[in-house]
Amino acid sequence: MNTHLDTLQSSVYEAQRQLIPDSEDVTIDNLGLKLEGKRARPKMLVDVFKEHNEKMKQLVNKDFSEGTLERYETALMHTISFLQWKFKISDIDIQELNHEFVTEMEFWLKSVRNVSHNTAVKYINNVKKIINICLKNGWLNKDPFLGYKMNKREVVLEILTEEEITTMGAKIFATDSLAFIRDLFLFNCYTGLAYADVKN
C-alpha cells in the first residue's frame with residue numbers, strides 16, 4: 001500500500017510539473033485530468049472576451065462609459081463572425097492564435113465588413129486587449145500580436161463653408177425627423193459640442 005501511495009504521489013508531482021509549462025491552472029480537477037491522460041479544458045477566446053465584457057458591464061459609469069462597452073460588444077460580435085467565416089467555428093482555443101489570425105482578421109474587417117482602416121485598427125486593438133489579459137494571466141505563452149503593427153491614418157476632415165451651412169438651414173425636408181436631425185447637426189456646428197453630449 002505504501003509503495004502504491006508513493007507511486008501515486010510521484011505521479012501527482014509529475015502531473016503538476018507538466019501543468020506549469022503548459023500555462024494550465026494547477027487545480028485538483030486539472031491534476032485529475034492530467035493523471036487520466038486528458039487535457040484540461042482549454043481557454044477559449046470568445047469565452048474570455050464575454051467574461052471581460054460582463055465585468056465591464058458591471059463597471060459602466062464607474063470605470064467605463066456605455067460607449068466603451070458598446071465598442072467591445074461590437075468587437076466581440078466581429079470576432080465571432082470572423083471565426084465562422086475563416087474557420088467555420090464559433091470559438092477558438094487561445095493557444096491556436098498566431099500572427100496569421102491577426103492579419104486575416106484585419107483583412108476580413110476591411111474586405112468583408114468593409115470598414116475603414118482606422119475603424120479596423122479600433123476593433124483589432126479591442127481584441128489585443130483580450131489577448132493581453134490572456135498573456136498576463138499566464139494562459140498564453142506567445143503573443144500573436146508580436147511584430148504586428150497597425151497605426152491609425154490621419155483623417156483629413158472636410159470643413160463646411162458658411163454658405164453650405166446656410167443652405168442646409170434653409171432646406172425644407174419631407175419629414176419632421178429629417179428636419180430634426182438637421183437641426184441637431186447645425187446645433188453641433190454652432191456650439192462645438194460633441195455628438196455624445198448633444199445626444200445625452
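Quick caveat, the model's predicted, so the values are computed rather than measured.
Side-chain atoms of Glu96 never come within 3.5 Å of backbone atoms of Asp93 as a donor-acceptor pair (strictly under, hydrogens ignored). Panel note: side chain Asn53, backbone Leu69; no donor-acceptor pair is recorded below 3.5 Å. Put simply, the side chain of Gln95 gets close to the backbone of Trp139: a donor and an acceptor are under 3.5 Å apart. Without hydrogens or angle criteria, His117 side chain to Lys110 main chain gives no donor-acceptor distance under 3.5 Å.
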Please output the side-chain donor-acceptor pairs of residues 173-181 that fall under 3.5 Å, not counting sequence neighbours, one pair per line with the distance.
unit_1, atom_1, unit_2, atom_2, d
Thr175, OG1, Ser177, OG, 3.4
Thr175, OG1, Leu178, N, 3.4

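More than 12 non-hydrogen atoms from other residues, nucleotides or ligands lie less than 6.0 angstrom from CZ of Phe64. Crowding of Phe87 atom CZ: a count of heavy atoms from other residues, nucleotides or ligands under 6.0 Å exceeding 12. Few gaps surround CD on Gln84; more than 12 heavy atoms of other groups in view lie less than 6.0 Å from it.
For the pair Val46 and Ser90, the tightest heavy-atom approach, listed with the atom from each and the gap, is CG2-O, 3.5 Å. When every heavy atom of Arg182 is checked against every heavy atom of Gly169, the shortest pair comes out as NH1-O, 3.5 Å. The minimum heavy-atom distance linking Ile92 with Leu83 is given by the pair CG2-CD2, 3.8 Å. Contact between Val198 and Asn188 at its shortest, heavy atoms only, is CG2-OD1, 2.7 Å.
Test Met77, Arg113, Met105, Glu106 against Phe82 for side-chain contact (heavy atoms from CB on, under 4.5 Å) and you get one pass: Met105.
Considering only residues two or more places apart in sequence or on other chains, Tyr123 meets the ring pair (Phe, Tyr, Trp, His ring centres under 6.0 Å) condition with His78.
The cationic group of Lys129 lies under 6.0 Å from the six-membered ring centre of Tyr72 and within 45° of the ring axis, placing it in a cation-pi geometry.
Legend: side-chain hydrogen bond (donor to acceptor under 3.5 Å, both in side chains) pairs involving residues 56-69, not counting sequence neighbours, sorted by first then second residue: Glu54-Lys57, Ser65-Thr68, Thr68-Arg71.
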